[in-house]
Protein chains: 2
Amino acid sequence: MDQQTIRKAGLKVTLPRMKILEILEENSQRHMTAEEVYKELLLRDEEIGLATVYRVLTQFEAAGLAERHHFEGGQAVFELNRGEHHDHIVCITCGKVEEFMDETIEKCQAKIARRHGFRIADHSLILYGECDNPECPNRPK
Amino acid sequence: MDQQTIRKAGLKVTLPRMKILEILEENSQRHMTAEEVYKELLLRDEEIGLATVYRVLTQFEAAGLAERHHFEGGQAVFELNRGEHHDHIVCITCGKVEEFMDETIEKCQAKIARRHGFRIADHSLILYGECDNPECPNRPK
DNA sequence: AACAGAAATGAGAAGCTTACGCATTGGCGT
DNA sequence: ACGCCAATGCGTAAGCTTCTCATTTCTGTT
C-alpha cells in the first residue's frame, strides 16, 4: 500500500499526500508540473490547495520519493523516483520526454568531478532536440 | 570593435547593447545574472533599465552571442559565447562554477539521440557537488 | 547634415511560478 | 476516545522575467 511509502519517508499519512502520490504513480510515464497535479486533483473533486501541492511535492523531493527537473520553460516538473537513475531527452517541438541511462557518461562525469576536486552530489543532463514522431509539430503547448 | 559583433548579430548598435556586451566581456570568467549586469551598469552611471537588460540578454542569446544557463536557484545566468562548447560543474556550497568539455560524453550524447530518433539541437549538462576550496563553505549566498 | 520611419528604450506594472503566515483541521500515539 | 502537534487551506507575498506604451535613438536616405 502507498501508506507505507509515505510513512517510510518520515511523513504523516494524510489524504493530500496519498492523493498526490497516487496521481504521480498513475502518470509515472509522464512528468507533471505542480499545476497539472493540482488540476488533476480538481477533476477528482479533491479539496486540496495549490500551496499544499507545492508543499507536498517539495517534501517528496526532500524525502527522495520524487525528483524535480528544470526543463526549459520555467515550470519545474516532477516524477516519482523509481530507484533507477536516468537522464532525459526532450523534444523542443512537442515536449515529449524520454529517459535514458548511459554507463559511459556516468563514469566520465565521475572522472571529471575528481579531476576538478569536486565531490559530486548530483547532476542534470538534458538533451534537447526534435523527435521523429510524424505528428510531432502539431501538438500545442 | 564591439560594434561589429552586434551588427553581425543583426542587431542595431545601441548604447545599452554596447555597454552590456562590454560588461559581459569584462566578466567572461564569471557567469552573471541579469540583475548583476544591471547593478554593474548602475555603478557606471548608465541609465539603463532592468527591462532592457533582460531584453538585450535574450536577444544576445537568440543571436548566439550569449548562453543562458539555469543552474539551481531560480535565477538564470548568462555568459558570452566564446565559440567553444563546454559544460559546467557547480559547487552547491559556495556557488563556484567551473567549465569542462569531454569528447567522450559528447559522442555518447549523439549516439543516444540517434538511438531515440531525435535530431539533437542542444544539451545541458551540469554536475553539482562540493568543491575542495578550503574556505568554500564560508561564502554566503 | 538633417529627416523620416522603424526599432529600441525606460518605467512601471503585470504575469507566472513558488513560498509563506496563520487560523483551522486532521493524523496518531496514549 | 482524547489531545498534541504537524499538516492543510486560503489568501497573500515574494522573486524573476516579460509586457505595455509613450518617448528616445539608430540607420539609410535625401
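Because the structure is a prediction, the values reported are computed rather than measured. Residue numbers begin at 1 in each chain, while the letters A, B, ... track the order of the sequences.
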Has Asp102(B) got a side-chain atom pairing as donor or acceptor with Ile105(B)'s backbone, closer than 3.5 angstrom?
yes
Check every strand shown and say whether Arg17(A) touches a base, only sugar-phosphate, or nothing at a heavy-atom separation below 4.0 Å.
sugar-phosphate
Check: Arg7(B) side chain, Val13(B) main-chain N or O, donor-acceptor pair, under 3.5 Å
no
Among dG10(C), dA8(C), dT17(D), which is the nearest nucleotide to the side chain of Lys12(B)?
dA8(C)
In whole angstrom, what separates Gln75(A)'s CD from dG15(C)'s P?
16 Å
Only one of Val53(A), Ile23(A), Ile20(A) passes side-chain contact (heavy atoms from CB on, under 4.5 Å) with Glu40(A), and that residue is Ile23(A)
Candidates dT17(D), dG10(C), dT8(D) - which lies nearest the side chain of Ala76(B)
dT17(D)
In whole angstrom, what separates Ile6(B)'s CD1 from dA7(C)'s C1'?
15 Å
Report yes if some heavy atom in the side chain of Leu21(A) is under 4.5 Å from a heavy atom in the side chain of Leu80(A); otherwise report no.
yes
Considering only dG9(D), dT17(C), dC19(D), which nucleotide approaches the side chain of Tyr54(A) most closely?
dT17(C)
First of Ala51(B) and Gly10(B) reached from the 5' end of DNA chain C, by closest nucleotide:
Gly10(B)
Choose from dA6(D), dA7(C), dT8(D) the nucleotide whose nearest atom is closest to any side-chain atom of Gln59(A).
dT8(D)
